[in-house]
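In each ligand, atom 1 is the first atom listed, and ligand 1 is the first ligand listed. Heavy atoms only: backbone and side chains are in, while hydrogens, waters and symmetry mates are out.
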Amino acid sequence: MERLDKILASQGTLSRRDVKEIIKKGRVTLNGAVVRDSAVKVDLNTDTVAINGEKVTLKKHIYIMMNKPQGVISASDSEDDETVVDLVPDELFRKGLFPAGRLDKDTTGFVLITDDGDFAHKILSPKNHIFKTYLARLQHELTPNDIETLEKGITLADGTTLKEAKVEILENTQTPLIKIMICEGKYHQVKRMFAATGNKVISLHRSKMGELELDPQLKSGECREITSEELLKVQKS
Ligand code: URA
């Protein structure tokens, strides 16, 4: 059960202030009866809400694409650092938001923020082979041998096994730009993979989740809701 004003504001078309206004004016009904109390509790599964007589299809969950800046941590809350959830604007904010998969503090790019635990599990589970695409700037050149090692999968000195990756050189310079696609999200995975070949990641950016590219219109720190068609793309392996 959630407050009526909060639910309506989280649907993405009305601000919290607009919602309060239309409720006060008696333009909102709950199960057919006019409601004037913004705080009334609504059950998304069973209640019917209408605005100006038109039924609102209430979305149960929200899915947000963020272009994470450096220096922000992938968490819901933190005493010391700014989190990706802190950057979510009021109109998209709701209780229970968390990042589906973590990027390191110094990594930039696509973070999916949601309140849907099942969905997060689905896209993160290595079993489902949903590839996450990263652009990595490296300190040294990458040899064909290194690429072969990364594409086969690696067992690190501490016994951690890292599944096979897809690797492509985008800029073949002294500090090359590499596209690397992986379908699991172990701690510092990309950095550790390149470290295992004697290299070092200078900067790292996630550009894609599944088949969905980070929207190039989103400036660093900005976010927007993911559409239902885009959500299907995220789940494509
Ligand atoms: N791999 C890393 O090493 N860091 C990230 O932030 C994401 C993947």
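Residue Tyr134 places no N or O, backbone or side chain, under 3.5 Å from any N or O of ligand 1. Looking at ligand 1, you won't find any N or O of Arg192 less than 3.5 Å from one of its N or O atoms. Remark: ligand 1 and Arg102 share no N or O pair separated by less than 3.5 Å (distance only, no angle test).
Phe194 does not carry Lys200 over the face of its six-membered ring by the limits of under 6.0 Å from the centre and within 45° of the normal.
A salt bridge does not link Arg16 with Asp90: none of the charged nitrogens is closer than 4.0 Å to a carboxylate oxygen. A salt bridge does not link Glu21 with Arg17: none of the charged nitrogens is closer than 4.0 Å to a carboxylate oxygen. A salt bridge does not link Arg27 with Glu54: none of the charged nitrogens is closer than 4.0 Å to a carboxylate oxygen. Looking at Lys191 and Asp104, a side-chain N of the basic residue comes within less than 4.0 Å of a carboxylate O on the acidic one, giving a salt bridge. Contact check on Glu229 versus Lys233 returns no salt bridge, with no Lys/Arg side-chain nitrogen under 4.0 Å from an Asp/Glu carboxylate oxygen.
Counting the atoms of ligand 1 from 1 in the order shown, those under 4.0 Å from a heavy atom of Thr107 are 4 (N), 5 (C), 6 (O).
The proximity of Leu204 to ligand 1, defined as any non-hydrogen pair under 4.0 Å, is limited to the side chain.
Counting only heavy atoms of the protein, atom 1 (N) of ligand 1 lies nearest to Val190 N, 3.0 Å. When only non-hydrogen protein atoms are considered, atom 4 (N) of ligand 1 lies nearest to Asp104 OD2, 2.7 Å.
Within the 4.0 Å heavy-atom shell around ligand 1 one does not find Tyr187.
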